[in-house]
Amino acid sequence: MTAVEDRRSAELRGIARAGTISLIGSAASAVLGFALVVQVSRGLGAAGAGAFSVVVAVAMTLAVAGRFGTDTALVRMAPRLRALGRTRDIDAAAVAALAPVFAGTTLLAALAWWAAPHLVDVVFEHPAPPGAGWLIRVGVATVPLAATGYVALAVTRGLGSVVPLTVVESIAKPALRCAFVGIAMAAAHRTWPDAGLTAGPVLWTTVAWAIPTVLGGVWAAVLAHRALAAVRREDPPAAVDTAAEPGGTAATWRELWRFATPRAAASACEIAGMHSGIILVSALAGVADAGVYNAALRLALAGTLALQALRLAIAPTLARLLTVGDVDGVEHLHRTASVWITVVSFPLYLVFAAWPTEVLRLFGPGFQAGGAALAILAVATLVNLATGPVSTLLLMSGRSALTLAVTAVSLTVSVVLAVVLIPRYGVLGAAIAKGAAVVGENVAVTLIVRRSVGVRTLSRPLARAAAVGVLCFVVPAVLYQLVAGHDFPAAVVVVLLGTTAYLALLWRHREEFSLADLAAALPLDRLRPRRPRSGSRASKENR
């Protein structure tokens, strides 16, 4: 193995390890989030849980918007500044992000606190729950530390570790929320034993939810401070030979906000795109259709954890490689990550596409009507998975304005098509609109990356990995349905047989798919007995 191959293998193993950590954290967060929903629903009832959910949604939306795109900017800039030999400017970049975010979200929270009585009429139907104004005030009070804490954890991500983000955001805060909310509801129901939707239980629950957010923000600041202190003690690496990279605090501030400003607008478009479909279906087709579409959409989002985890893990390495001009390294890294995402995530969505009615039957009667919609959303998600972390690659190249343009066009296409198609086709029309926007956005970003960055993201191993999935899951499903029709028990058997064949083919193509580097990230690899080293080498190293 050459030195270049050895370095690339080491990078792949590091990204696989970081991606595995992020995936575990995402799964833990999803489980704990579901547990919190069950806990609150049973403790407060439908009305109380609804009021609590509205407040949490308002607070989290303001916190995400209040990052102003600086979290992504720091993930890009920290490894970039390191590669340029400008390690002293990493402190300036952190201050350039954290100070405006904290100041801006504090002002935003203060305005929301003052306007709480007016916001009640906006976010709650009439009549509003008792004490609704104070519910909103407790929620918005968490926004400064929630936003600033997440940006502080972006510093640690940019400096090479996803562990702080995973521990604080994905595990500690959700676990503490479950614990604190349980204690608060028990205490509240002792005080108000026969209370329904009264101010006491819901307010206490909201305060209990808010405490871990505040603690997490402080903890994140401490972790970021330690990471920055460790960087200050490092010997700066040799700077990349470039005459167009000015240093200093002013230049660092300009660079960060030149990137972060369009990224903030793109994030707002992404949030709008996530929720607009359900709102439009409810308004144009009815609440029942909105429920069916929501079930199909949630299924379409459920299996993208691997993609999200690798995006978190791969971003700093992409930024560093792009900074030093290693386009071949970027291409190899992205292609391998895309193959891994395809190998891990394709089977679930191929099952959704092949057996959509059977899958939606799990939600209960009436949801089978969304079968065609789920199939369309699954195919669109397959395109999203196959293109890999291409949007992250475009962002790490510094082209956040292009990302904004693509995201805005995608949102516009989605909304326009939804308004046209939903009145006639209902849930199916909403799925077509969403699917067209997802496919169009990914194809556009792939072409932009090829032309502007010079990276070819598609590869023969990627096509082969996708073909293996189709052969094992879609072909048997289509053949069976042509012969015997739809049957849920038979679908389970066909999927299990397809999974067996899929694993066998993955083993056959393990070298082509770089699965050894992916497997090296799993904890099982550490449980294997180590072979003793030769005596001469061991004795030489012990001296």
Side-chain angles (χ1 to χ4, degrees), residues 30 33-34 37-38 41 46 49-50 53-54 56-58 60-61 64 123 125 267-305 307-308 345-346 348-385 407-442 477 486 488 491:
F34 179 76
V37 170
V38 173
S41 299
S53 300
V54 168
V56 170
V58 170
M60 294 183 71
T61 301
V64 172
V123 301
E125 62 183 359
S267 296
C269 290
E270 290 171 0
I271 295 172
M274 186 176 298
H275 299 291
S276 61
I278 297 174
I279 295 172
L280 289 172
V281 172
S282 178
L284 300 175
V287 177
D289 280 358
V292 174
Y293 178 71
N294 181 61
L297 184 62
R298 294 306 163 194
L299 284 172
L301 295 173
T304 58
L305 289 180
L307 175 60
Q308 301 302 327
S345 302
F346 253 47
L348 179 65
Y349 288 98
L350 291 171
V351 170
F352 288 171
W355 306 92
T357 305
E358 286 73 13
V359 172
L360 282 172
R361 189 176 298 169
L362 299 174
F363 285 85
F367 284 89
Q368 297 94 317
L374 176 58
I376 289 172
L377 292 172
V379 171
T381 307
L382 288 170
V383 175
N384 184 28
L385 295 170
T407 306
V409 171
S410 175
L411 174 61
T412 303
V413 169
S414 177
V415 171
V416 170
L417 285 178
V419 170
V420 173
L421 296 176
I422 289 174
R424 183 170 183 179
Y425 300 105
V427 174
L428 179 61
I432 294 172
K434 181 67 175 178
V438 169
V439 172
E441 180 176 349
N442 280 276
H486 295 270
F488 184 78

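Predicted, not measured: the structure shown is a model, and the values here were computed from it.
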Indicate the atoms forming the closest heavy-atom contact of [X] with [Y], along with that distance.
X	Y	answer
A373	L428	N-CD1, 4.2 Å
A353	A375	O-CB, 4.0 Å
A354	A477	CB-CB, 3.5 Å
A418	A433	N-CB, 3.5 Å
V281	A430	CG2-CB, 3.4 Å

Looking at A300, is its backbone amide N or carbonyl O close enough to the side chain of Y349 to form a donor-acceptor pair, meaning the two atoms are under 3.5 Å apart?
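Yes; judged by distance alone, with no hydrogens or angles, the pair exists.
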Applying side chain to side chain contact (heavy atoms under 4.5 Å, CB included), name anything that partners S410, two or more places apart in sequence or on another chain.
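Here the qualifying residues are A437, E441.
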For side-chain contact (heavy atoms from CB on, under 4.5 Å), just list the numbers for V359 and L374, CA-CA rounded to whole Å, side-chain angles, deciding distance to a tenth of an Å, and then say yes or no.
CA-CA 9 Å; V359 172; L374 176 58; 4.2 Å; yes
Passes side-chain contact (heavy atoms from CB on, under 4.5 Å), L299 versus L360? Steps please.
CA-CA 9 Å; L299 284 172; L360 282 172; 3.8 Å; yes
Point-to-point distance, once rounded to the nearest 0.5 Å, from [atom1] of [X] to [atom2] of [Y]:
X	Y	atom1	atom2	value
R361	W355	CZ	CH2	10.5 Å
K434	L421	NZ	CG	14.5 Å
L348	L385	CG	CG	9.5 Å
I422	D289	CD1	CG	9.5 Å
L377	N384	CG	CG	12.0 Å
I432	I376	CD1	CD1	4.5 Å

Dump the intermediate steps for side-chain contact (heavy atoms from CB on, under 4.5 Å) on V438 and V383, then the final yes or no.
CA-CA 8 Å; V438 169; V383 175; 5.9 Å; no
